[in-house]
Amino acid sequence: MNFSAVVVAAGSSTRAGPGAPKPWRSLGGRPILRWSVEALSRAGAREIIVVTAPERTADADEALAGLAGWKAVAGGATRAESVQAGLAALAPSDEEAVLVHDAARPFVTSAHVQSLLVALAEADGAVPALPVADTLKRGVDIVAETVSRDGLWRAQTPQAFRLRTLRQAYGAWPADAEPTDDAAVVERAGGKVALVPGDPLLMKLTYPEDFAMAEQLAGGRRIVRTGFGVDAHRWGPGEAVWLCGVKIDHDQTLVGHSDADAGLHALTDAILGAIGEGDIGEHFPPTDPQWKGASSDRFLVHAAKLVAAKGGSILNVDVTLICERPKIRPHRDAMRARLAELLALPLDRVSVKATTTEGMGFTGRGEGLMAQAVATVETPA
Ligand SMILES: Nc1ccn([C@@H]2O[C@H](COP(=O)(O)OP(=O)(O)OP(=O)(O)O)[C@@H](O)[C@H]2O)c(=O)n1
Ligand SMILES: C[C@](O)(CO)[C@H](O)COP(=O)(O)O
């Protein structure tokens, strides 16, 4: 059976943590979007509409360079709107099959496509689905009830329909409701949707931890890298100091071009060091007036985004602040929490420690504060 495809890639990747939106991240050395488009093309798709965020349509040229038979169009605010933008752009006849697929499910194969097309011959739609294997609970904090999992399935993509069926079903879908998949739209219009055996490999990359697993499945070798960062700032007149993203009342402040948060600067350098991306001064030159008084939060988030852009993830970070005053211990938990928030890491992967130098050296004499940090990162080899 002839088929075309709509690959939706216009989501905001909110749950995926810092970094580029999922379709543009690297997996096994290729943009995630490219995996699906290549696979659908290999499976014989006559035309593939790639639906991207409006500002990203041009990025598809780079991500899909060398591939033929695709066209990028701008998506909408919801997945359903993006799917409809893709359907509107498809040229083939209404009778042709269309596969709607999430770019966030990179491991689609020709075998998946074939089993869906076979099932579609006898139905109005076909979805790959896996039986629910875990016990289901309903509740908030406390279990209100255990829900029977009999007959429940986890629907994946691609989902197959005839173009006319899907277009008409979307036309009849109520404007004030949002479907979570395309089969739901056809079901509501009275269509018969076949369940086809799903595949764990059709998993949707949703949360930060999904990417390391996907990288392993992609066969990419991953390596662990460590970076080290140091920063020091001089004490000057002031009433508060920023350390590890937390403002502490103090009878002095650290002097610097930005907010002089030596903890964040050392940690930013540690992360940049781990991925071979130079140092903070190269990314945010102290001579550039736009960084005057800047919150150092953004430097750290920038470094974390560079890690994600390489398909990597930060494993753990450890910061040591070296000063006689202020006492760090009362603020340590707040600092850890802030770093964990900025890096989207669990708390137990973030450490903040402090020490004095027992009166020795520039920190001991109270001339300045020093911070040291290490970051461990894993990336594709
Ligand atoms: N307005 C939207 C929303 C989602 N999608 C696409 O729908 C697929 C499934 O969505 P999901 O994995 O939830 O992606 P996001 O919406 O990007 O993620 P999040 O909900 O975490 O922001 C993704 O390929 C996503 O790019 C889309 O094209 N347009
Ligand atoms: C379409 C879908 O992939 C089927 O499982 C899923 O519903 C999309 O998930 P979202 O997170 O609600 O966009």
Side-chain angles (χ1 to χ4, degrees), residues 8-36 52-53 55-56 59 63 75 77-79 82 102-107 203-218 220 222-227 229 244-245 263-264 267-277 280 283 295-319 334-352 373-381:
V8 283
S12 50
S13 304
T14 323
R15 289 169 290 178
K22 295 181 283 195
W24 315 102
R25 295 189 190 182
S26 175
L27 173 65
R30 285 181 281 159
I32 285 176
L33 173 64
R34 192 177 177 101
W35 282 76
S36 297
T52 73
E55 69 281 8
R56 289 250 180 202
D59 295 349
T78 64
R79 184 183 179 282
S82 296
D102 296 335
R105 299 182 191 265
F107 299 123
M203 68 185 206
K204 180 155 75 69
L205 306 185
T206 304
Y207 298 104
E209 56 272 24
D210 296 338
F211 293 85
M213 197 196 307
E215 199 65 59
Q216 287 189 356
L217 291 170
R222 294 185 76 82
I223 52 170
V224 174
R225 309 150 71 134
T226 302
C244 294
L264 287 187
L267 183 52
T268 301
D269 262 356
I271 294 171
L272 292 173
I275 56 172
E277 282 287 347
I280 195 169
H283 293 263
S295 159
S296 300
D297 291 4
R298 61 200 301 175
F299 305 155
L300 186 67
V301 170
H302 172 77
K305 284 184 176 167
L306 290 179
V307 173
K310 286 180 183 285
S313 60
I314 297 170
L315 297 178
N316 74 293
V317 297
D318 183 16
V319 182
M335 291 176 180
R336 286 180 73 202
R338 181 62 183 146
L339 296 181
E341 181 185 15
L342 290 170
L343 296 173
L345 282 180
L347 200 55
D348 70 351
R349 299 223 230 138
V350 176
S351 160
V352 175
V374 286
T376 309
V377 164
E378 53 124 35
T379 63

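Computed from a predicted model, the values in this text were never measured in an experiment. Here, residue 1 is the first one in the sequence, and each next residue gets the next number.
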Closer than 3.5 angstrom, by distance alone: can the side chain of [X] be matched with the main-chain N or O of [Y] as a donor-acceptor pair?
X	Y	answer
D269	I280	yes
K22	L205	yes
E378	I314	no
R336	V352	no
H283	E277	yes
W24	D59	no

Measure across [X] and [Y] and return the closest heavy-atom pair with its distance rounded to 0.1 Å.
X	Y	value
R56	P21	NH2-CD, 3.3 Å
A304	L343	CB-CD2, 3.8 Å
C244	G263	SG-CA, 4.0 Å
R25	A20	NE-O, 2.5 Å
S82	A10	OG-CB, 3.6 Å
M203	D210	CE-O, 3.9 Å

Considering only heavy atoms from C-beta outward, does the side chain of V317 approach that of R349 to under 4.5 Å?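 Heavy-atom side-chain distance check fails, nothing below 4.5 Å.
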
How far does [atom1] of [X] sit from [atom2] of [Y], to the nearest 0.5 angstrom?
X	Y	atom1	atom2	answer
L272	H302	CG	NE2	6.5 Å
T206	D102	OG1	CG	8.5 Å
L267	L339	CG	CG	6.0 Å
R225	K310	CZ	NZ	6.0 Å
T268	D297	OG1	CG	9.5 Å

